[in-house]
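Notes to accompany the following structure.
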Number of protein chains: 2
Amino acid sequence: MGAAEGAGSQVKSAVRTVELLEFFAGRPGMHSLASVQESVGYPKSSLYMLLRTLVDLGWIETDATGTRYGIGVRALLVGTSYIDGDEVVAAARPTLDRMSDDTSETIHLARLDGTSIVYLATRQSQHYLRPFTRVGRRLPAHSTSLGKALLATYTDEQVRKLLPETLEPLTEHTHTDREKLIAELAVIREQGFAVDREENTLGLRCFGIAVPYRTPARDAVSCSVPVARLTAAHEQMIKDALFDARDRLLLATRRL
Amino acid sequence: MGAAEGAGSQVKSAVRTVELLEFFAGRPGMHSLASVQESVGYPKSSLYMLLRTLVDLGWIETDATGTRYGIGVRALLVGTSYIDGDEVVAAARPTLDRMSDDTSETIHLARLDGTSIVYLATRQSQHYLRPFTRVGRRLPAHSTSLGKALLATYTDEQVRKLLPETLEPLTEHTHTDREKLIAELAVIREQGFAVDREENTLGLRCFGIAVPYRTPARDAVSCSVPVARLTAAHEQMIKDALFDARDRLLLATRRL
DNA sequence: AGACGTCGTTCAGTATATAGAACGACGACG
DNA sequence: CGTCGTCGTTCTATATACTGAACGACGTCT
């Protein structure tokens, strides 16, 4: 998953602290010292001290026996504060509400981080189905309309540097060839929005558009619809809502 | 805000790392090195190294100039994973949905952490008003129905150890005297649930009940209603839903 | 039951992060 | 236009965290 690394001197304990937190985040549930040790590779004793410290601080919790570790409550507060402090999320609120009202479908605002997109805000469809999407969730950029819309604001060369040659498939429809994806990005630039045809979740089609308040774009909005419910008229309405939302967001984020 | 501290040898950089993250979480927006230095008190150079490290890792972000710091995207993932991995949250899902359907009001599931409660899950009322409550938000235990319901599962002595003598008021109705609060806790134990009469937010009354799958209880559920919309019949219905929910949750969390 | 294996915990030498001061860049002010 | 003050950054002795091995407790296998 690694983002930027390799800079000069780093504070070792700080690196390990966040790596540990990310480890526990990536594998929910409780883990023994030994199993953590095997995964992260630090010496047992170093890991032990670090875990003790983080437990004292409430960022990691232990079970009743004190020998199995899991992510703690304190981590929750910090994570969600990223959303609170973000000016784009704040500025997007009315637009997302409006998109939700207009389309009656599930709306997402997401940000590109490395090769993943991160959900920043959602508006759930009020339909019978409660889709399981959550703020903070990460998905591969190449399999989502949000990610593809954002990648399309990069040059082909930048995309080649960012993504590996073959991409991990999530469904049978996921593009696994980087060059084929790049070809699709050209189409996306042409038409102004991206489509995910069950490339991420079977039965779900998503329409995404980048909000180009900076170049390359960082944030995008999308609308997800079960294919079963999709008609040509509905699709056109969604596309209109998408362009409308982009214009509104561009206006709202002008001064950022 | 401090929770447990004062244990023996702790890894200094790890402590500082999370303290820094909590600082940025507590004060959204961008901060200069000097202003952070003043708040946390670490030597400039130590702080500088730490910040550089965390920026490299994506947990802290800088603006374009690279001199102002704010919380980063990576923090988001870890925080929300606490919710994902929690068995109680998972087990509570259907019960919360049912409470939401039954009452048509805003439902909360929260956990006690020190003297605060932390929202773990919410079901928003579908009414015109979209109340601003968010998973991860912390509120003082003494001013919420959730917190009081949880505190009532502690002994008076434990409560005295936990809370200061005078409590911070949030509205004109907040109890500020610890002993008065303890007296109220006795009533809560008697009737089985807690009420917040605009002690936290003006115009909002909340009914909370602890889920005693362990002692003292850790989690509670609540139902928040604008006073303007509250009738005697509605209130009775909410209380019934509350007891019903507690029983369901107790059943669902039996094996934890 | 006995011995073994695994796991969490402690200990002491060494590598490393820390802290205070000095440096250089920028902007404010006279 | 020069001086001063502030802020971010670099430098180096010293305090400290890291490591690998040894210890002790628990559960398991034969």
Side-chain angles (χ1 to χ4, degrees), chain A residues 2 4-24 27-72 74 85, chain B residues 4-24 27-72 74 85 255:
Chain A
E5 275 228 34
S9 55
Q10 289 186 321
V11 179
K12 195 189 278 188
S13 303
V15 176
R16 289 185 169 175
T17 299
V18 300
E19 279 182 358
L20 264 183
L21 292 173
E22 286 177 355
F23 167 80
F24 283 112
R27 307 214 202 154
M30 305 304 267
H31 303 271
S32 69
L33 181 82
S35 73
V36 178
Q37 199 275 327
E38 193 182 2
S39 295
V40 297
Y42 315 152
K44 258 193 311 182
S45 53
S46 312
L47 181 60
Y48 180 65
M49 281 299 189
L50 221 51
L51 286 175
R52 272 181 63 89
T53 304
L54 292 174
V55 169
D56 282 347
L57 295 168
W59 276 69
I60 286 182
E61 289 173 359
T62 61
D63 64 354
T65 74
T67 62
R68 324 211 95 216
Y69 301 88
I71 192 78
R74 308 296 275 230
Chain B
E5 275 227 32
S9 55
Q10 291 185 320
V11 179
K12 195 190 279 189
S13 304
V15 176
R16 290 185 168 175
T17 298
V18 301
E19 278 181 357
L20 265 183
L21 292 174
E22 285 176 357
F23 167 81
F24 283 112
R27 304 209 207 161
M30 306 304 267
H31 304 271
S32 70
L33 180 82
S35 73
V36 178
Q37 199 275 328
E38 193 182 2
S39 294
V40 299
Y42 316 150
K44 258 193 311 182
S45 53
S46 311
L47 181 60
Y48 180 66
M49 281 301 194
L50 220 50
L51 286 175
R52 273 182 61 89
T53 304
L54 292 175
V55 168
D56 282 347
L57 296 169
W59 277 69
I60 287 182
E61 289 172 0
T62 61
D63 64 355
T65 75
T67 63
R68 325 211 93 220
Y69 301 88
I71 192 79
R74 306 297 274 233
R255 49 173 190 73

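This is a predicted model, so every value here is computed, not measured. Note on naming: letters A, B, ... go to the chains in the order of the sequence lines (proteins, then strands), and numbering restarts at 1 for each one.
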Do A:Ser35 side-chain atoms and A:His31 backbone N/O form a donor-acceptor pair below 3.5 Å? no
Does B:Tyr48 place a side-chain N or O at less than 4.0 Å from the phosphate oxygens OP1/OP2 of D:dG8? no
Ranking A:Met49 and A:Lys12 by the position along DNA chain C of their nearest nucleotide, the one closer to 5' is A:Met49
Within the structure, does a side-chain N or O atom of A:Ser46 lie under 4.0 Å from either OP1 or OP2 of D:dT19? yes
Under 3.5 Å, is there a donor-acceptor pair linking the side chains of A:Glu19 and A:Tyr42? yes
Options D:dT19, D:dT9, C:dA19, nucleotide nearest the side-chain atoms of B:Lys44: D:dT9
Any donor-acceptor pair under 3.5 Å from A:Thr53 side chain to B:Val11 backbone: yes
Between the side-chain atoms of B:Ser45 and the base atoms of C:dG20, is any donor-acceptor pair under 3.5 Å? yes
Options C:dG8, D:dT19, C:dA17, nucleotide nearest the side-chain atoms of A:Pro43: D:dT19
Looking for any heavy atom pair under 4.0 Å, which part of the strands does A:Thr67 touch: base, sugar-phosphate only, or nothing? sugar-phosphate
Just report the end-to-end axis angle for the helix from C:dG8-D:dC23 to C:dC23-D:dG8, five pairs per end, to 10 degrees. 50°
Nearest-nucleotide check on DNA chain C, A:Val11 vs A:Tyr69; residue mapping nearer the 5' end is A:Tyr69
